[in-house]
Every structure is written in structure tokens, then in C-alpha cells.
Amino acid sequence: LIDVLKDARRAGPLDFRVKPGQLKGVIISEQDKAKSRNAAFAQNGYDFEVGYNKRTATIWRPFMCNEINRKTNLTIAQVLLRGNPRARPPSAQGLNAGDEDVWPAQTGELAAFVSNCVGWRLEYLRELRKYVRLDSFGACAHNNDTCAKSGKHKCDKTVKAGAYKFVFAFENTEESHYVTEKVYTGLRSGAVPIYRGAPEVAEHVPEGSVIFADKFDSAKALGEHLRALLDDERGAYAAHHHWNLQAFAQMETVRQCPWQCRVCEHVAASRSKRLTASQ
């Protein structure tokens with residue numbers, strides 16, 4: 001029995017579904033800390049856990065091992081290992097760019113798709129816009145209505161990000177190995193992500209592909225750095241797109257994919273131990 005939870009805070013009791021001797025697993029795709037605040041999660045007594053937190057998961061599944069959409073078996077890792085996404089049309093990785101199926105020209109400077117307006121993140125975004133032109137499509141510092149989540153203006157935000165040099169990629173929370181779609185929206189579109197979040201993010205992305213906000217003393221210092229990159233597009237800025245794909249393929253995070261096979265292996269090994277113990 002595998003319980004699939006986007007958010008562990010919403011875990012419910014499994015009692016009515018559990019059969020005697022049945023293995024119980026859980027797949028968690030959101031924040032790991034939420035487990036400690038849910039009594040039902042603890043009472044369910046899961047035998048194994050699939051999740052992004054390397055320390056607590058039985059089977060480690062980094063976010064890049066997720067499929068890019070429900071219509072394809074391609075994972076984010078597989079797409080990144082193909083190199084520069086703009087060398088192929090958006091449809092090559094399951095994106096919808098309209099009938100023309102081409103990437104937009106990178107005429108914008110900084111895109112943001114943030115709607116959870118945590119105070120520190122909102123203030124950082126407001127400071128950055130003093131140095132680079134910001135188009136904010138989410139609720140935070142909103143100033144652009146051309147990429148709505150629904151309705152006639154609904155768009156694919158990864159394709160939209162492709163019209164910008166940078167994309168704002170601050171996580172909702174800073175947790176170990178909690179690296180989500182925010183950074184991959186940029187890497188899949190050609191926009192360089194400006195990241196803050198998981199301490200181990202460098203283990204989840206090609207070397208040199210991301211700008212780490214924590215390496216700068218302030219939003220002002222980062223903003224000045226972005227301005228300098230824009231003034232040297234063919235040199236310092238372009239260097240963020242020169243990925244060593246061979247080194248990336250050897251990263252431990254990439255080698256966790258596909259994670260589904262390891263679930264089968266774990267269940268088979270667990271069953272074998274139980275049968276041996278009962279004999």
C-alpha cells in the first residue's frame with residue numbers, strides 16, 4: 001500500500017485500507033518538516049518513505065527525478081542532460097509554446113512567479129528590481145498580467161521564463177535537499193536561476209548554472225552583480241550556460257533516477273526478510 005502525499009500535514013489514517021502483514025509506504029513531494037506536526041502520519045507507521053530528504057527518506061527521490069508532465073516519461077534530469085534547452089523546441093520537453101513551437105527571444109531581464117509573499121522574500125524581490133527590470137507574474141510585487149494560471153491568458157511559465165535572462169527562484173522554505181521546480185523552471189528555459197533555499201542545491205544542478213543569492217552580502221550586491229552580467233552577455237553571463245554534462249551525469253542526485261525501480265527492490269528485500277523471519 002503506497003500513500004501519496006503532496007503535503008504530509010494532510011495525512012489521514014490508513015486503518016481502513018490496511019491488510020494484515022501488508023507493507024505500507026509513503027511518497028512525499030512537499031516539505032519534510034510537516035511530518036512532525038501530523039499525528040496521523042506517525043500513527044500510520046509507514047514501513048518505508050520515498051522523499052526528497054536524503055537523511056530521512058528510505059528511498060531518496062530528488063525533485064529532478066520527477067516526470068516533467070503527465071503525458072511523458074521524461075524526467076527533469078533527462079531533459080537537463082540533453083544540454084542547452086533552447087537548442088530544441090519547447091515541445092521536446094513537453095512544454096506548450098503555441099502553434100509555432102519556438103522559444104521567445106530573451107528580451108526581458110528578471111522574471112518572477114511568486115505568490116507566497118513571505119516577508120523576507122518579498123523585500124528581497126523589491127530590492128532587486130532597483131537594479132534589473134522585473135516582470136512579476138505572481139501575487140508578490142505583481143506588475144504583469146500576461147501569464148495567468150488560468151483563463152484565456154493561461155501560459156506555460158517555463159516558456160514564459162524563456163523570454164528573460166534571469167528567473168527569481170527562492171524556495172518557500174529552507175530545508176535539506178528541498179530543491180523544487182523553481183530552479184528547474186530557469187534551467188529548462190535558458191533563464192539563469194537566482195536561487196536561495198536548500199543548502200545542498202549545488203548537488204542538484206549543473207555546476208555554474210545557478211546564481212546563489214546567499215553568496216552576496218545583500219540584495220543590493222546581488223543586483224549590482226546581475227547588472228554587470230547583463231553588460232557582459234557574451235562573456236560572464238553566457239558562462240552560466242556552459243554545462244559540463246558528463247560531470248552532471250555522475251552526480252549522486254542524478255543517479256537516483258529512476259527511483260521507481262528502487263521501490264520495487266526495497267519491497268522485494270523487505271518481503272524476503274519477513275518470509276525468512278517467519279520460517
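Predicted, not measured: the structure shown is a model, and the values here were computed from it.
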If you look at every heavy atom in [X] and [Y], which pair is closest and at what distance?
| X | Y | answer |
| --- | --- | --- |
| L14 | N44 | N-OD1, 3.0 Å |
| G186 | P193 | CA-CG, 4.1 Å |
| P206 | L187 | CD-CD1, 4.0 Å |
| L125 | C140 | CD2-O, 3.9 Å |
| A213 | F170 | CB-CZ, 3.6 Å |
| S115 | A139 | OG-N, 3.2 Å |

According to a 4.5 Å side-chain heavy-atom criterion applied to Ile, Leu, Val, Met, Phe, Trp and Tyr, with indirect links allowed, do [X] and [Y] form part of one hydrophobic cluster?
| X | Y | value |
| --- | --- | --- |
| V118 | L128 | yes |
| L1 | V26 | yes |
| V205 | M64 | yes |
| Y46 | I28 | yes |
| M251 | V210 | yes |

Spacing of NZ belonging to K154 relative to CG belonging to D156, to within rounding of 0.5 Å: 9.0 Å
Rounded distance (nearest 0.5 Å) linking atom CG of L81 with atom CZ of F248: 5.5 Å
I'd like to know if the side chain of [X] pairs up with that of [Y] as donor and acceptor (distance under 3.5 Å, no hydrogens or angles considered).
| X | Y | value |
| --- | --- | --- |
| S91 | D101 | yes |
| S189 | K157 | no |
| R121 | N172 | yes |

Test R55 against H177 for side-chain contact (heavy atoms from CB on, under 4.5 Å), laying out the working first. CA-CA 9 Å; R55 182 177 59 83; H177 289 283; over 6 Å; no
Beyond-backbone contact of T146 with K160, side-chain heavy atoms, under 4.5 angstrom: yes
Are Y184 and L80 side-chain neighbours, meaning at least one heavy-atom pair lies under 4.5 Å? yes
Is it true that F113 and F137 have ring centroids separated by less than 6.0 Å? yes
Indicate yes or no: does [X] engage [Y] in a salt bridge with an N to O separation below 4.0 Å.
| X | Y | value |
| --- | --- | --- |
| K54 | E200 | no |
| R126 | E123 | yes |
| D47 | K24 | no |

Row check, W103 ring normal vs R88 NZ/CZ: under 6.0 Å, within 45°: no
Over 60° means perpendicular and under 30° means parallel, so tell me whether [X] and [Y] are parallel, tilted or perpendicular.
| X | Y | answer |
| --- | --- | --- |
| F216 | H225 | tilted |
| Y178 | Y52 | tilted |
| Y237 | F166 | perpendicular |

Taking side chain to side chain contact (heavy atoms under 4.5 Å, CB included) as the criterion, tell me which of Q260, Q256, R255, Q78 meets it with C65. Q256
Do H142 side-chain atoms and G138 backbone N/O form a donor-acceptor pair below 3.5 Å? yes
Main-chain N/O of R188 paired to Q93 side chain as donor or acceptor, under 3.5 Å: yes
Can you confirm whether R271 is buried at CZ, in the sense that more than 12 heavy atoms of other residues, nucleotides or ligands lie under 6.0 Å from that atom? no
